[in-house]
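Please read these numbers as outputs of a predicted model, since none were measured by experiment. Atoms within each ligand, like the ligands themselves, are counted from 1 in listed order.
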Amino acid sequence: MIDGLPLSPRTDPHTHSSCSDGTDTPAGLMACAARAGLDVVGLTDHDTTAGWQEAAEAVATTGVALLRGTEISCADRGVTLHLLAYLFDPDDAALTEAFATARRSRQSRSRRMVELLGEDYPVTWQDVLEQAAGSHTIGRPHIADALVASGAFRDRAAAFDGPLATSSPYYVHHWALDPVEACALVRAAGGVPVAAHPRAAGRQRRLVPDETFARMAEAGLAALEVDHRDHTAAQREQARALAERLGLGVSGASDYHGWGKPNRLGEHLMPTALLERVLDEGRLGLVLP
Ligand code: AMP
Ligand code: ZN
Ligand code: FE
Ligand code: FE
């Protein structure tokens, strides 16, 4: 039982706004969450907390509670991993510095990718900046939007299937935190870390080994996001078994990005028991209507 919420709240704990690479403003996202019948929505923009305030201000009018979070870019010996962090102190010096470093590195990496792409596609850095207007965290989705605007691709997915793929010669890495260190930093800032889509293997993408999740668990990892559309049924079962083996909770989420992806709000949910644990362990509370 969570004060201010129905007995079994519908909680979608992983979404993006236009503060990173989603297409709805934070207030627009809250309105969509209300239409989708959610009781709680987690705003987890990449490497930033910039959308928290606007989303919080929309809680009263939409009636949807806000779970404040961030999706932190991590890399385990070159393999990308995303870590969701909930209810941490947004002024924590170590975390805010890591976020700023990641955002700066994402910017120079995107610029380098656009230099390479510009030799073969009609795209300039200025085009990408126009697409990313209002965003604090630039990424491949904004490059995709510029390629779509130029007429080179139909939508983001087509651009990701082409020159923006991880395996493409135009792909450039960016700096990212070590995931074990990230778990420790999130806990030190009073937050609760949950590994996002841990078994999702994009084309050619290598997976983080179980042993890394074991070390993350020791550093305070609370749960694995098992129910996510980027996991096949078999990958969900593997992730569920891994969570059980490591004594971790199991989460689920949409990873909604507005019209940037087909993911629909509420298509997967966080179990109530895990939400209760996140609220028990997090330094902040929900923003309630
Ligand atoms: P980046 O963090 O800049 O490397 O870009 C990764 C982001 O692109 C993630 O947030 C994904 O949600 C998004 N993304 C990955 N694949 C696709 C796709 N096929 N269509 C749209 N967005 C995608
Ligand atoms: Zn994204
Ligand atoms: Fe992610
Ligand atoms: Fe995400």
* **N263 (side chain) donor-acceptor with S254 (main chain) under 3.5 angstrom** => yes

* Examine distances only and state if a side-chain atom of T70 and a backbone atom of T48 form a donor-acceptor pair shorter than 3.5 Å. => yes

* In order of chain and number, which residues sit within 4.0 Å of ligand 1 by heavy atom? -> D21, H46, R106, R109, G139, R140, P141, R156, A157, F160, H257, G260, K261

* D3 atom CG, over 12 foreign heavy atoms within 6.0 Å -> no

* Heavy-atom donor-acceptor pair, D24 side chain to G258 backbone, under 3.5 Å -> no

* Which protein N, O or S atoms sit under 2.8 Å from the Fe ion (ligand 4)? -> H14 NE2, H16 NE2, E71 OE1, D255 OD1

* Asked: Taking all non-hydrogen atoms of both residues, which atom of R229 and which atom of R264 are closest, and how far apart?
  -> NH2-N, 4.1 Å

* Ring centroid separation for H16 and H46, is it under 6.0 angstrom? -> yes

* Evaluate the ring planes of H14 and H228, with Trp represented by its six-membered ring, and classify them as parallel (under 30°), tilted (30 to 60°) or perpendicular (over 60°). => tilted

* Asked: Does R103 use its side chain to pair, donor to acceptor, with the backbone of T137 at less than 3.5 Å?
  -> no

* Asked: Are there more than 12 heavy atoms of other residues, nucleotides or ligands under 6.0 Å from atom CD of E244?
  -> no

